[in-house]
Amino acid sequence: MTDETQKKPGRMWRRWIWFGVPIGGAAVAFIVGIVFWGGFNTAMEATNTKEFCISCHEMRDNVFLEYEHTIHHENRSGVQATCSDCHVPDPWIHKMVRKVKASKELLGWATGKIDTPEKFEAHRLTMARNVWETMKQTDSRECRNCHTLESMNPRFQAPRARQQHLTAMETGQTCIDCHKGIAHKDVRNLLPEDELEALEAPNPAHIKEVPTSFTDGLAYIQKIEAEEAERAAAAAKAAEEAVEARIASAVDRAMAEAEGTSEAAAGDGPGRAIDWSAIPVVKVGLFYPGQASWEWVLNGKTHGGARAFTKGGDNCSVCHSKETPAMGARIVSGETAETTPIPGKRGAVELDVQAAHDGEMLYLRMTWKDTPHVPVPFIEGGKMDPDNKVKLAMMVMGDGVEHGEQAGCWASCHIDSRTMPNTPESTDDLDERLGGHGYVQKYIPESRTEIELRGRNRPMGGWDMLQSEDDLAAFLENGTFMDLTRVDATGAPQRGYLLESRHEDAGHPVEAQATLDGDTWTMVIARPLAATGPGEIAIEPGKVYTVGFALHDDHSAARFHHVSLDLRLALDDASVELNATQP
C-alpha cells in the first residue's frame with residue numbers, strides 16, 4: 001500500500017469536517033428552526049382564539065356575555081370579529097409587543113385582581129381607558145383590519161353616519177372616538193370631561209384625503225333622496241289640493257246660504273290674497289326633545305355630537321335632519337333624555353310649511369295632523385294647559401346669539417328652566433328681573449355672565465347669573481335676541497322676543513288665523529317684513545335668517561312640546577329651506 005493510498009481517508013475526513021458538518025448542521029438547524037417556529041406560531045395563534053380568551057371565568061362571565069349579542073358576534077353577514085381581531089395587532093412586531101404586555105395581564109389574573117364581578121367593575125374603566133388610548137394612538141388600527149373609511153359607501157349609510165365619516169376623514173377623527181361600547185359595556189360617561197375631550201379631539205396626523213368613491217357615492221344617494229323627496233312633495237301637494245278644493249266648495253256653499261255675508265267672509269283671515277296652491281310645501285320634522293337642554297347638547301358625555309357641533313361647526317340639521325322621527329321615538333319613550341315619559345305621546349310631528357311675501361308682509365302657512373288626547377299621568381286632569389289645545393311658535397335668530405345659526409332656538413332651552421332637571425326651588429331674589437312668573441323661562445346664553453356646562457363648581461345652567469340692565473339693553477339695541485311669534489288655537493297671536501326671559505307685546509303688528517278641519521290644523525301668520533319696534537328682526541332681501549318652530553299640541557306646556565332643528569329662511573332665495581316667494 002502506497003503512502004498516497006494511505007492519505008486518502010484523511011483527505012475525505014477533512015472534507016467532511018470542512019463541508020459536511022456545516023452543511024449538516026445548517027440542515028439540522030433549519031429543521032429545528034422550522035419545528036420551533038411552527039410550534040411557536042401554533043402556540044401564538046392558539047392564544048389568539050376566542051376559546052383561549054374565554055377559558056378564564058373573568059372574561060367568560062363578564063365581557064364575553066356583553067359581546068356575544070352584539071353585531072360583531074351576530075349579524076346578517078355571518079362574519080364574526082373575535083377578541084384578537086380587535087385586541088391583537090396583525091403586524092408581527094406590534095403583535096409581539098402586545099403579547100409581551102399581556103404578561104402583565106396574566107399576573108393580574110394569577111393574583112385574582114379581577115376574579116369577581118365586583119373587582120371587575122372596579123377596574124373596568126382602567127381597562128377600557130387603556131384600550132381607548134391605544135386605539136387612538138394607532139388610528140384604530142385593529143378596526144381597520146375589517147373597516148376602512150376609504151372603502152365605505154355612503155349609499156348604504158344613514159345620513160348622520162355619512163356626515164360623521166366624511167367629517168372624520170377631513171378633521172382626523174378615528175373609529176374609537178365615536179364607537180366606544182360597540183362590543184362591551186359602555187363606560188365612556190365615567191371619564192372626566194376634560195380627559196374625554198382630550199381623548200376624542202381630532203388628530204391632524206389622521207386626516208385622510210376623501211376618496212372619489214366616497215364623494216361619488218354621496219352624490220348618488222343625495223340625488224336619489226332628492227328625487228324621492230320631490231315625488232313625495234308632489235303627492236302631498238296633490239292631496240292638499242284635493243282637500244283645498246273640498247274646503248273651497250264647502251265655503252262657497254256656506255257663503256251662498258249666508259245672505260249678505262259673502263263679501264265679509266271672502267276678506268277674512270291673513271294671507272287672503274295669497275294663492276297657496278302656487279307656493280311650495282316644505283316638510284319640517286318636529287320631534288320631542290325631552291330634557292335635552294342647551295347644556296345637554298354642549299356636553300360630550302350626554303351628546304355624542306357635541307364635538308362635531310362645537311369643534312367642527314356642524315349645524316344640528318347636518319346630522320339629524322332625516323332622523324327626527326327616530327330621535328323623537330327614543331326620547332318620548334324614556335330611553336334617553338327623559339325621566340318622566342308620557343305613555344302614548346307621539347314622538348314626532350310633520351309640519352308642512354309654506355312661505356310667501358308681497359314686499360311688505362311675510363306670510364307663513366303651517367299645517368299638521370291633530371293627535372288624539374293623551375292624558376298626562378302626573379298632571380291633575382291630564383292637561384298641562386287646559387285653555388289651549390295647541391300653540392305654535394316661530395323664532396328668528398338675531399345677531400350674536402351663541403351657536404344660534406347652528407342650533408336655532410335650541411340655544412334658548414336651558415337645564416334650569418321651568419320643568420327641567422335643574423329648575424330652582426325659588427326665584428324670589430331675581431323674580432322681578434325674570435318677568436315675575438315665579439319660574440325661569442327660556443333665555444339666550446348672552447343674557448348670562450356665565451353658564452355652567454359640566455356641573456363642577458355649581459349646578460349646570462346660569463339662570464341666576466344675569467347680565468346688568470345696561471348690558472341687556474345693549475343686546476336688545478344690537479339685535480342679540482330671538483324674535484318670537486306665537487299663535488294659539490283661537491288664532492290669537494303673541495309677538496315678542498327672548499333675551500333674559502320671554503317678553504310679549506301684543507301691540508306689535510301681526511295677524512294670525514287657526515282652524516281645525518277634521519284632523520288637520522292650519523295656521524296662517526302675517527307679519528311685517530320691517531321691524532316696527534324693539535325686539536323685532538327685520539326680514540330683508542339678500543339676507544338669510546335661522547329660524548326654528550315649536551309646537552305645543554294636546555294641551556302641552558313648557559318643555560313637553562315638539563321642536564324643529566335649525567332652518568334657513570330668506571326672501572326669493574331657492575338655496576334655503578324656507579324660500580318666501582312672491583306669488
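We count residues from 1, following the sequence as given.
The pair Glu58-Lys119 does not meet the salt-bridge criterion, since no charged nitrogen lies less than 4.0 angstrom from a carboxylate oxygen. Under 4.0 Å is where a charged nitrogen must lie from a carboxylate oxygen, and between Glu193 and Arg456 no such pair does. Ion pairing between a basic and an acidic side chain is recognised when a charged N comes within 4.0 Å of a carboxylate O; Lys180 and Glu200 show such pairing. A salt bridge links Glu225 with Lys322; the closest basic N to acidic carboxylate O contact falls under 4.0 Å. Under the 4.0 Å criterion applied to side-chain N and carboxylate O atoms, Lys208 and Asp139 are assigned as salt-bridge partners. The pair Arg124-Glu121 meets the salt-bridge criterion, since a charged nitrogen lies less than 4.0 angstrom from a carboxylate oxygen.
Asn388 contributes atom CG, which lies 11.5 Å from atom NZ of Lys383 (distance to the nearest 0.5 angstrom). To the nearest 0.5 Å, atom CE of residue Met460 and atom CD1 of residue Ile451 are 12.0 Å apart. Atom OG1 of Thr171 and atom CD of Gln164 lie 9.0 Å apart (nearest 0.5 Å). Considering CG of Asn62 and CD1 of Ile54, their distance stands at 12.5 Å, rounded to 0.5 Å. From Arg454, atom CZ reaches atom CG of Asp194 across 6.0 Å, with rounding to the nearest 0.5 Å. Taken from CG in Leu499 to OG in Ser447, the straight-line distance is 5.5 Å, to the nearest 0.5 Å.
Under the 3.5 Å distance criterion, the side-chain polar atoms of Thr148 are left unmatched by any main-chain donor or acceptor of Arg144. Proximity of a side-chain donor or acceptor of Thr485 to a complementary backbone N or O of Met394 within less than 3.5 Å is not detected. Of the possible polar contacts, one joining the Gln441 side chain to the Arg502 backbone as a donor-acceptor pair under 3.5 Å is found. Judged by distance alone, the side chain of His555 and the main-chain N or O of Asp385 form a donor-acceptor pair under 3.5 Å. Of the possible donor and acceptor atoms, one in the side chain of His562 sits under 3.5 Å from a partner among the backbone N and O of Arg346. A side-chain donor-acceptor contact under 3.5 Å links Gln406 to the backbone of Asp314. With hydrogens and angles disregarded, a donor-acceptor distance shorter than 3.5 Å links the side chain of His552 to the backbone of Ala558. Judged by distance alone, with hydrogens and angles left aside, the side-chain atoms of Asn315 form no donor-acceptor pair with the main-chain N or O of Ser317 at under 3.5 Å. Asp553 places no side-chain N or O within donor-acceptor distance of the main-chain N or O of Val390, the cut-off being under 3.5 Å. Within the 3.5 Å criterion, the main-chain N or O of Cys83 finds no donor-acceptor partner in the side chain of His87.
Defined by atom type and a distance below 3.5 Å, a donor-acceptor pair is missing between the side-chain atoms of Arg162 and Gln157. Side chains of Glu295 and His414: a donor-acceptor N/O pair is present below 3.5 angstrom, by distance only. Using a 3.5 Å distance cut-off with no hydrogens or angles, the side chains of Arg307 and Gln173 do pair a donor with an acceptor. Side-chain atoms of Asp177 and Thr174 form no donor-acceptor pair, as typed in the model, at a separation below 3.5 Å. Looking only at atom types and distance, the side chain of Thr70 has no donor-acceptor partner in the side chain of Glu66 under 3.5 Å away.
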*Test side chain to side chain contact (heavy atoms under 4.5 Å, CB included) applied to Ile444 and Phe475, step by step*: CA-CA 11 Å; Ile444 65 171; Phe475 286 135; 5.8 Å; no

*Before giving the answer on side chain to side chain contact (heavy atoms under 4.5 Å, CB included), spell out for Arg448 and Leu466 the whole-Å C-alpha distance, their side-chain angles and the decisive distance to 0.1 Å.*
CA-CA 5 Å; Arg448 267 55 179 180; Leu466 278 166; 3.5 Å; yes

*Step-by-step side chain to side chain contact (heavy atoms under 4.5 Å, CB included) determination, Ile114 to Met127*: CA-CA 11 Å; Ile114 54 173; Met127 294 185 287; 4.3 Å; yes

_Working for side chain to side chain contact (heavy atoms under 4.5 Å, CB included), residues Trp410 and His403_ = CA-CA 9 Å; Trp410 218 287; His403 297 299; over 6 Å; no

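In terms of heavy atoms, Thr480 sits closest to Asp399 at OG1-O, 2.8 Å. In terms of heavy atoms, Phe560 sits closest to Glu338 at CE2-OE2, 4.3 Å. Closest heavy-atom contact between Ala348 and Thr324: CB-O, 4.3 Å. When every heavy atom of Ala550 is checked against every heavy atom of His561, the shortest pair comes out as CB-CD2, 4.0 Å. In terms of heavy atoms, Tyr443 sits closest to Gly462 at OH-N, 3.2 Å. When every heavy atom of Gly435 is checked against every heavy atom of Ser501, the shortest pair comes out as N-OG, 4.4 Å.
Heavy atoms of other residues, nucleotides or ligands lying less than 6.0 angstrom from CG of Leu190 number more than 12. For Gln467, the CD atom sits in a packed shell: over 12 heavy atoms of surrounding residues, nucleotides or ligands are nearer than 6.0 Å. More than 12 heavy atoms of other residues, nucleotides or ligands shown are found within 6.0 angstrom of NZ on Lys283. Open room surrounds CG on Asp429; 12 or fewer heavy atoms of other groups in view lie less than 6.0 Å from it. In the displayed structure, Glu195 atom CD is contacted under 6.0 Å by more than 12 heavy atoms of other residues, nucleotides or ligands. For NZ of Lys113, the number of neighbouring non-hydrogen atoms (other residues, nucleotides, ligands) closer than 6.0 Å is 12 at most.
Ring orientation note: the planes of Tyr67 and His73 are nearly perpendicular, at an angle over 60° on the 30°/60° scale.
Using a 4.5 Å cut-off on side-chain heavy atoms (C-beta onward), Pro534 and His503 make no contact. With a 4.5 Å cut-off on side-chain heavy atoms, Val210 and Leu166 count as touching. Taking 4.5 Å as the limit, every side-chain heavy atom of Leu551 sits out of range of all side-chain heavy atoms of Met366. Side chains of Cys413 and Met420 form a contact here, defined as non-hydrogen atoms less than 4.5 Å apart. Side chains of Tyr288 and Arg559 form a contact here, defined as non-hydrogen atoms less than 4.5 Å apart. In this structure, Asn478 and Glu446 have side chains that are not in contact, with every pair of non-hydrogen atoms separated by 4.5 Å or more. Between Arg486 and Glu504, some side-chain heavy-atom pair lies under the 4.5 Å cut-off. Residues Met397 and Met482 form a side-chain contact, since some pair of their non-hydrogen atoms from C-beta on lies under 4.5 Å apart.
Paired with Asp554 under the rule side-chain contact (heavy atoms from CB on, under 4.5 Å), one option of Val376, Val374, Asp370 passes, and it is Val374.
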